[in-house]
Amino acid sequence: MDTEAQHTECDRSSRPSDSEQPSDPDGPEERSRSAFTGRITDWVPGGRITVTLLVLLLFLLLLSTFVLRPFQIPSGSMERGLRIGDRVLVNKLAYRFDGRPQRGDIVVFDGTGLFGDGDYIKRVVGVGGDHVVCCDEEGRVRVNGQSVDESAFLYPGDRPSTVPFDVVVPDGTLFVLGDHRADSSDSRDHLGSPGGGMVPLDEVIGRADWIVWPFGHATHLDRPDAYARVPDAESGAEAGESGAGAGETGAEAGESGAEPTPAGAGAAPATRSGTGAGRAGDADG
């Protein structure tokens with residue numbers, strides 16, 4: 001009897017009391033969030049669909065402002081890789097955290113006051129400290145003494161440059177050229193202008209990483225291997241040698257009674273059929 005009584009007592013104690021209630025999975029905080037969302041959707045015309053679209057638009061705006069920005073190619077200055085009407089995605093974070101443009105990168109920059117009004121897209125050929133010369137015995141661009149074979153991306157039939165130049169790129173700037181050299185207004189055209197045709201790093205918007213339209217031409221824009229063998233600039237040593245050579249040339253010209261040719265004078269009449277070529281369209285940006 002005692003044993004049965006004990007078992008019965010245990011069974012009774014193991015059962016939940018009728019007064020005990022299961023916990024509410026939706027606590028006060030969850031209910032308040034749901035109520036807040038419900039009030040917004042009730043207030044906005046179109047309800048939840050409109051709110052979802054507004055959130056999506058806000059996300060795209062933040063993405064375009066701080067991370068990726070689309071640009072349209074309005075000219076043929078970067079053919080054959082970039083064609084008229086192509087849409088490219090520009091990575092605005094590529095150089096934001098201690099990164100700098102590299103030779104061969106395709107960059108978009110603000111050319112206002114440098115090349116003209118608006119944004120431009122070009123290929124980086126020289127970075128700060130580089131000694132860039134055109135051309136060597138084979139007609140190729142030479143950077144820091146290393147000849148560069150650009151045939152993989154130059155427009156078919158184009159020469160690396162029909163305009164000779166010999167420049168040292170100041171620190172904090174870029175020397176840029178279009179891939180369609182015969183139809184590009186680039187650093188060569190502005191060697192005699194204020195700034196010497198160089199693009200300040202502060203004006204660089206970002207690096208073009210993808211062609212996203214048309215879909216049949218969509219691809220990732222890789223940095224070519226053509227510049228991989230170019231050595232780093234040697235602390236301005238080449239610049240000094242270049243300046244010394246120019247001084248000797250001027251001295252010889254003075255001794256012979258001839259007037260020395262001003263630096264960059266031969267660059268002004270560079271091919272300008274592409275004036276404005278390479279501008280990345282703000283209309284789609």
Side-chain angles (χ1 to χ4, degrees), residues 56-97 99-127 150 152-155 158 173-190 195 197-224 226-227 272-285:
L56 179 60
L57 287 175
L58 178 61
F59 172 76
L60 292 176
L61 177 62
L62 293 174
L63 187 70
S64 175
T65 302
F66 299 106
V67 184
L68 295 172
R69 184 175 174 184
F71 281 86
Q72 181 184 13
I73 307 301
S75 77
S77 74
M78 284 297 292
E79 291 178 334
R80 58 189 165 184
L82 301 179
R83 304 179 300 197
I84 298 175
D86 282 355
R87 266 73 167 180
V88 297
L89 276 184
V90 175
N91 182 358
K92 301 181 73 173
L93 296 180
Y95 310 125
R96 191 69 64 185
F97 305 105
R100 291 201 170 193
Q102 303 295 314
R103 305 178 197 95
D105 284 354
I106 298 176
V107 297
V108 172
F109 59 92
D110 183 0
T112 304
L114 301 170
F115 288 24
D117 295 332
D119 300 326
Y120 287 73
I121 183 165
K122 302 291 178 186
R123 188 179 299 278
V124 177
V125 174
V127 298
E150 301 175 293
F153 50 83
L154 280 188
Y155 187 77
D158 273 11
T173 65
L174 304 172
F175 184 84
V176 298
L177 299 175
D179 288 351
H180 194 347
R181 302 288 162 83
D183 191 26
S184 174
S185 177
D186 45 43
S187 290
R188 299 168 299 169
D189 293 321
H190 303 279
M198 307 299 168
V199 177
L201 293 178
D202 292 342
E203 302 298 336
V204 175
I205 296 172
R207 183 182 65 209
D209 280 349
W210 290 89
I211 300 174
V212 295
W213 181 264
F215 291 136
H217 192 214
T219 186
H220 184 256
L221 297 172
D222 296 315
R223 183 182 301 138
Y227 302 91
R272 298 186 64 85
S273 60
T275 301
R279 293 179 60 180
D282 278 334
D284 294 343

Would you please classify the geometry between the W210 ring and the H220 ring as parallel, tilted or perpendicular, with 30° and 60° separating the classes?
perpendicular

Could you check D209, I211, N91 and say which one makes a side-chain contact (heavy atoms from CB on, under 4.5 Å) with L221?
I211

For a 4.5 angstrom cut-off between non-hydrogen side-chain atoms, does V127 reach L174?
yes

Check the side chains of H217 and R83 for a donor-acceptor pair under 3.5 angstrom, ignoring hydrogens and angles.
yes

In terms of relative ring orientation, are H190 and F115 parallel, tilted or perpendicular, with 30° and 60° separating the classes?
parallel

Does the side chain of D179 reach to within under 4.5 Å of the side chain of Y155, using non-hydrogen atoms?
no

Closest contact, heavy atoms only, S184 versus D189
O-OD2, 3.4 Å

Tell me every residue that passes ring-ring contact (aromatic ring centres under 6.0 Å, His included) with Y227, counting only those two or more places apart in sequence or in another chain.
none

Give me the atom names and distance for the closest heavy-atom approach of Q72 to G85.
NE2-CA, 4.1 Å

Distance-minimising heavy-atom pair for G104 and P224
O-CD, 3.5 Å

Sequence neighbours excluded, the answer for salt bridge (Lys or Arg N to Asp or Glu O under 4.0 Å) partners of E79 is none

Go through the steps to decide whether L89 and R69 satisfy the test side-chain contact (heavy atoms from CB on, under 4.5 Å), and finish with yes or no.
CA-CA 6 Å; L89 276 184; R69 184 175 174 184; over 6 Å; no

Distance, nearest 0.5 Å, that separates CG of L82 from CD1 of I121
5.0 Å

With no hydrogens and no angle check, is any side-chain donor or acceptor of K122 less than 3.5 Å from a backbone partner on S185?
yes

Given 3.5 Å as the limit, does a donor-acceptor pair link the side chain of S77 with the main chain of G178, or not?
no

Is there a donor-acceptor pair under 3.5 Å between the side chain of S187 and the backbone N or O of V176?
yes

What's the shortest heavy-atom distance between V107 and P101, and which atoms?
CG1-CB, 4.5 Å

Note: R188 and R181 closest approach over all heavy atoms is NH2-O, 2.9 Å

I'd like to know if D105 pairs up with R223 as an ion pair, taking the criterion as any Lys NZ or Arg NE/NH1/NH2 lying under 4.0 Å from an Asp or Glu carboxylate oxygen.
yes

side-chain hydrogen bond (donor to acceptor under 3.5 Å, both in side chains) contacts touching residues 107-116 (sequence neighbours left out):
D110-T112

Would you say the side-chain atoms of D158 and H180 include a donor-acceptor pair closer than 3.5 Å?
yes

Which pair of heavy atoms, one from A94 and one from R207, lies closest together, and at what distance?
CB-CZ, 3.8 Å

